[in-house]
Amino acid sequence: MITPTDAIALQEQLRSQVITTDMLPHPIRTIAGTDVEYDKDTNLIAGAVVVLDYETLSVLAVASHCMEVSFPYIPGLFSFREMPPLLEAYRQLSITPDLIICDGQGLAHQRRFGLACHFGVTLNVPVIGCGKTRLCGEYHDLGESRGSIAPLIAEDDQALIGNALRTQNSINPVFVSVGHKVSLGTATDIVLKMATQYRLPETTRLADHYARLALLDYKSAPNTPPASI
DNA sequence: GCGACAG
DNA sequence: ATCTTGTCGC
């Protein structure tokens, strides 16, 4: 497998390919969410991709893949751990979504190349990064109401690398950043739109649900393909 | 050296 | 990520 040193070199090389302007279909008709679930007492991980109707949020397609982890967890090299199951799940999808929301950072990363960038550049599709917690960057004066935004500024070069976004009143914000082929403003608007009822966008919540199911299914019957739509 | 550190 | 129910506070 790739070494951490080589992984960093790859990030440095691929980061120049990230597109930070909107290159999405208008109107958006379908949106996908991705998430990865880890098993507590084995090396298994399950990645899931769920495609929703952009307006109704109804589930149009689901795919998942279970496998053994092939890379350690190292902050900043997260994508090398989660990409393999996600790429395989994405490959199995019966529908190609207009864009994807990943559960992790995009440009809001020490080398400006988080999971959302890696996934987007690899597949050449629009991707939004939406993390539950901060990896790097600082923000101030975030309002308490749903829709409040505070710029996430990199500590090193003061670059704008994302937005802290409050998706529900007085609930901890999520961290939105560009993954690929989408602007920060558009990414922020879309994440807020998808977070209809809870802190996290429905895309992420559903992907988490299906990834959990995939892991349980795999453990109970390793040779049986997971249910998919 | 110490703390921080996506999942 | 995972361990994990009820409970404190707005």
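Note on naming: letters A, B, ... go to the chains in the order of the sequence lines (proteins, then strands), and numbering restarts at 1 for each one.
Below 30°, between 30° and 60°, or above 60°: for F78(A) and Y73(A) the angle between ring planes is above 60°, a perpendicular geometry.
The OG atom of S64(A) sits 11.5 Å away from atom CD of E37(A), with the distance rounded to the nearest 0.5 Å.
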Close N or O pairs between protein and nucleotides 2-7 of chain C (under 3.5 Å):
unit_1	atom_1	unit_2	atom_2	d
dT2(C)	OP1	E37(A)	OE2	2.3

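In this structure, N163(A) contributes its side chain and V176(A) its backbone to no donor-acceptor pair below 3.5 Å. Counting only distance, with no hydrogens or angles, the side chain of H180(A) and the backbone of I19(A) share a donor-acceptor pair below 3.5 Å.
Around atom CG of D141(A), no more than 12 heavy atoms belonging to other residues, nucleotides or ligands sit under 6.0 Å away.
Remark: P of dA6(B) and CZ of R112(A) are 16 Å apart, rounded to the nearest angstrom. At whole-Å resolution of the value, CZ in R81(A) and C1' in dA1(C) are 8 Å apart. Put simply, CG on L86(A) is 17 Å from P on dA6(B), counting in whole angstrom units. Rounded to a whole Å, the CG atom of D41(A) is 17 Å from the P atom of dA1(C). Following rounding to the nearest Å, I161(A) (CD1) and dC5(B) (C1') show an atom-to-atom distance of 13 Å. Remark: C1' of dC5(B) and NE2 of H109(A) are 11 Å apart, rounded to the nearest angstrom. As a whole-Å value, the separation of E138(A) CD from dA6(B) P is 16 Å. Distance, F175(A) CZ to dG7(B) C1': 15 Å, rounded to whole Å.
In terms of phosphate contacts, K132(A) brings a side-chain nitrogen or oxygen within less than 4.0 Å of OP1 or OP2 of dG7(B). Phosphate contact (OP1/OP2 of dC10(C), side-chain N/O of S170(A), threshold under 4.0 Å): absent. Between R134(A) and dC5(B), a side-chain N or O to OP1/OP2 separation shorter than 4.0 Å is present.
At the heavy-atom level, L77(A) lies under 4.0 Å from base atoms of the strands shown. Nucleic acid contact class of G76(A) (heavy atoms, under 4.0 Å, all strands): base.
Closest heavy-atom contact between Q105(A) and T133(A): NE2-O, 2.7 Å.
F78(A) does not qualify as a stacking partner of the dG7(B) base, lacking a centre-to-centre distance under 5.5 Å together with planes within 30°.
For K219(A) and D39(A), the salt-bridge test passes: some basic side-chain N is under 4.0 Å from an acidic carboxylate O.
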